[in-house]
Protein chains: 2
Amino acid sequence: MATIEDVAKLAGLSRTTVSRVINDQPYVTDEKRQRIIQAMDDLGYVPNSSARRLRSQKTETIAVLLPRLTNPFFGNLIEAMEEKASEWGYQVIVCQTHDSKKKEMDYLQLLKTKQVDGVILASLVNDWKDVEPFLESGPIVFCNEYMDKACIPMVHMDHKQAAYDATIHLLEQDCRQICYVTGGPESHLSRKRKEGFIKALNEFGLHFEENLSIDWAINVSDGQKVFHMINNELPHVDGVFTGSDEVAAGLIYEAASSDWVIPEDLAVVGFDNQMVSLLMVPSVTTVEQPVKQMADKTVEVLIQQLLHPGALAPNRYVYPHQLLVRNSTKRKKLSIQ
Amino acid sequence: MATIEDVAKLAGLSRTTVSRVINDQPYVTDEKRQRIIQAMDDLGYVPNSSARRLRSQKTETIAVLLPRLTNPFFGNLIEAMEEKASEWGYQVIVCQTHDSKKKEMDYLQLLKTKQVDGVILASLVNDWKDVEPFLESGPIVFCNEYMDKACIPMVHMDHKQAAYDATIHLLEQDCRQICYVTGGPESHLSRKRKEGFIKALNEFGLHFEENLSIDWAINVSDGQKVFHMINNELPHVDGVFTGSDEVAAGLIYEAASSDWVIPEDLAVVGFDNQMVSLLMVPSVTTVEQPVKQMADKTVEVLIQQLLHPGALAPNRYVYPHQLLVRNSTKRKKLSIQ
DNA sequence: TTGTATGCGTTATCAT
DNA sequence: ATGATAACGCATACAA
């Protein structure tokens, strides 16, 4: 493999001059520049990035931590992030934590060992106090997940309000026994959602009931299980709030082979506006998040931190959500005007 | 940031000895080993990976090239790959080419510049002759996509046979005007599928008709467009072979708000056995690929190449597929026995 | 405008 | 068992 030295020799010049050409710097005569370019071509020279990294203390690489890629929300998120990062010439390393504290800490080490310049946390299972020390090694930005006590940039929506809106909608459809279905570890985000859910209940004179709460549902097959649980143990339930379109879809799929009619017997709201929520029969009422905008902003904020280490950017970017009302909750027939 | 030098000084020993401790090498007294570990702890020392990379000429990182992550097939693929790679202590860089020749070449440069030790090609739009030279810089392995002329390991299924099976099934359901829907750039894989499709037609005395061929459909909304195209311009079509469950889902979704009844008027097969193919009403007949096994095998083969550069592994791993017959093609009623 | 010398942090070689 | 030194490939401060 040719090195800068080889190129210098072949061109009959010094490493410095070659380096200048490589980095598009001035103070090189056109003639010598050409000679060097020629030499690089002849040798098939390519700068060794490990050497550059060591010299520059930069990697042009970022890590994105998330639970798992098969959750389409995170799939969409990282798709957009990679695209944006690539525009800036940055690589993206995928870090699936599977909600494991250990894996999360292991991936954070990438920052310490200088394998990446910065980190995006799209989920968090460890305590913030265990993560904070990593800030010494480079910037960290939250996306989706957030944490009031952390003094770093955060890009997310108002999950409390979103859950509130969705729940109010269920209540307005005359649901009174609403099952609260969530999954994954308890997080700041999930607590916010729960707050919104409870706030809405309270406004209708209801309160949160532990026995209508399910906290282990994260995918389609869990959704199917949830339906059977409701069918067998909670027949009085008339509405379901879930934090995931996949779960909602599984539930609705399973209900189709039963007596339950959706939404008349059971109204269901999902979350994320995944494709499947539109395709289901009935289509699923859901909360849309501006995933691409959030992803783009997150990458932008992180890279700005890398480029201008001093500049403290405003550190909250809250994006709007939208409740998309579809057939899985339309219990009230419209009166003919 | 503390360096090995700092640790050495604090412990009153040499860099060499510290390095020995870091790398678990022998020839260090327990007493000094302890002293060094203590010093590393005190300083919060972590080896700098850029320096290690430069020194060892290894990155412990691989690149995975694919068109886009929002295609759930590739989402599942990379999820499994990342997990497997992480078991071996390897990082994964996501490289979305969006089927662009230029982006593909750019990402392949990662190999030349030593940012990654090896590359997995899950798709390919450039000619093989343009890719082959990169082999000088490190191993490349195909997964899903393949190429008969390339002398590198390949992990994939028999796409010709899979398409053949799916088409025969449509024909057995009495479809005679089958629309062939595909998307993305022409590739070896897509050619193989087409061969299988044509072979099946031929066995039923039919031949491929260009005007029943659509080559621009890759997602749900394309599937919707396909339906309208059939509805408006190809009303005599009675079956659809598509290379994607998303497209099939979009088509079926759109058909629901029309006169067409699926499968009676139009039988539809998808590909990949995505969750959505099961959830649709009617559920979608599809071809299942053993994604996880293929992903695991690919990573394993690549890492073996990295660990034992000499050892030529057998270079084809062909995995079985399975046609899952669901409601979108069940036109023939079972006779009561 | 060009070149020399030095150091980024690590590990391998060779002495001791 | 331990340490001095060179080398990995590059880019920068400084000199010319």
Side-chain angles (χ1 to χ4, degrees), chain A residues 1-37 39-40 43-61 89 109-117 137-138, chain B residues 1-37 39-40 43-61 89 109-117 137-138:
Chain A
M1 200 78 300
T3 75
I4 200 172
E5 177 78 47
D6 301 327
V7 178
K9 270 188 195 145
L10 182 58
L13 292 163
S14 74
R15 284 182 307 193
T16 311
T17 311
V18 178
S19 175
R20 289 211 179 86
V21 172
I22 294 170
N23 298 294
D24 266 324
Q25 286 170 14
Y27 304 127
V28 183
T29 24
D30 261 2
E31 182 258 322
K32 308 205 167 168
R33 192 179 292 273
Q34 288 313 319
R35 229 159 75 203
I36 287 169
I37 291 175
M40 296 199 302
L43 293 169
Y45 168 78
V46 179
N48 178 309
S49 92
S50 299
R52 283 190 141 169
R53 286 180 181 218
L54 178 57
R55 184 57 234 234
S56 67
Q57 307 281 36
K58 286 184 173 54
T59 66
E60 321 254 273
T61 306
Q109 283 288 335
L110 293 176
L111 200 54
K112 273 196 143 168
T113 59
K114 305 284 180 222
Q115 310 220 44
V116 300
D117 294 335
S137 310
Chain B
M1 202 77 295
T3 75
I4 199 173
E5 177 79 50
D6 301 327
V7 177
K9 269 187 195 147
L10 183 57
L13 293 162
S14 75
R15 283 181 307 191
T16 310
T17 310
V18 177
S19 176
R20 289 214 179 83
V21 172
I22 295 170
N23 298 294
D24 268 324
Q25 286 169 16
Y27 304 128
V28 184
T29 23
D30 260 2
E31 182 258 325
K32 309 208 166 165
R33 194 179 289 272
Q34 287 315 316
R35 230 159 75 203
I36 288 171
I37 291 174
M40 296 201 301
L43 293 169
Y45 168 79
V46 180
N48 177 309
S49 93
S50 300
R52 283 192 145 168
R53 287 180 180 216
L54 178 58
R55 189 51 237 230
S56 67
Q57 309 281 35
K58 286 186 173 54
T59 66
E60 320 255 273
T61 306
Q109 283 287 337
L110 292 175
L111 199 55
K112 273 195 141 167
T113 59
K114 305 283 181 223
Q115 309 220 47
V116 300
D117 294 335
S137 309

inquiry  = Please find the pair of heavy atoms, one from B/Arg33 and one from B/Asp24, that lie closest to each other, and give the distance.
reply    = NH1-OD1, 4.4 Å

request  = Remember a base hit wins even if backbone is also touched, and classify A/Gln25 as base, sugar-phosphate or nothing at under 4.0 Å, heavy atoms.
outcome  = sugar-phosphate

message = Pick the closest DNA chain C nucleotide for A/Pro26 and for B/Thr16 by heavy atoms, then say which residue is nearer the 5' end.
response = A/Pro26

query = From the list C/dG9, D/dA11, D/dG9, which nucleotide is the closest neighbour of the side chain of B/Ala51?
reply = C/dG9

key: Phosphate contact (C/dT10 OP1 or OP2) by B/Tyr45 side-chain N/O below 4.0 Å   = yes

note = Of B/Gln57 and A/Asn23, the one whose nearest nucleotide on DNA chain D sits closer to the 5' end is B/Gln57

ask   = Is the phosphate of C/dG3, meaning OP1 or OP2, less than 4.0 Å from a side-chain N or O of A/Ser14?
value = yes

Spacing of B/Gln57 atom CD and A/Asn48 atom CG [to the nearest 0.5 Å] = 6.5 Å

ask   = Can you find a donor-acceptor N/O pair under 3.5 angstrom joining the side chain of B/Arg20 to the base of D/dG3?
value = yes

message = Measuring to OP1 and OP2 of D/dG3, would you say a side-chain N or O of B/Thr17 lies under 4.0 angstrom away?
response = yes

inquiry  = Does D/dT2 have OP1 or OP2 under 4.0 Å away from a side-chain N or O of B/Lys32?
reply    = yes

request  = Look at the side chain of A/Thr29 and decide which nucleotide, out of D/dT2, C/dG9, C/dT1, has an atom nearest to it.
outcome  = C/dT1

query = For the atom pair CD (B/Gln115) and CZ (A/Arg52), what is the distance rounded to the nearest 0.5 Å?
reply = 9.0 Å

inquiry  = Please determine whether a side-chain nitrogen or oxygen atom of B/Arg15 lies at a distance below 4.0 Å from atom OP1 or OP2 of C/dT10.
reply    = no

message = If I take atom CG in residue A/Leu54 and atom C1' in nucleotide C/dG9, what distance separates them, rounded to the nearest angstrom?
response = 6 Å

task = Would you mind reporting whether A/Ile22 and A/Met40 have side-chain heavy atoms less than 4.5 Å apart?
result = yes

ask   = Has the side chain of B/Arg55 got a donor or acceptor that lies under 3.5 Å from a partner of the other kind on the base of C/dA12?
value = no

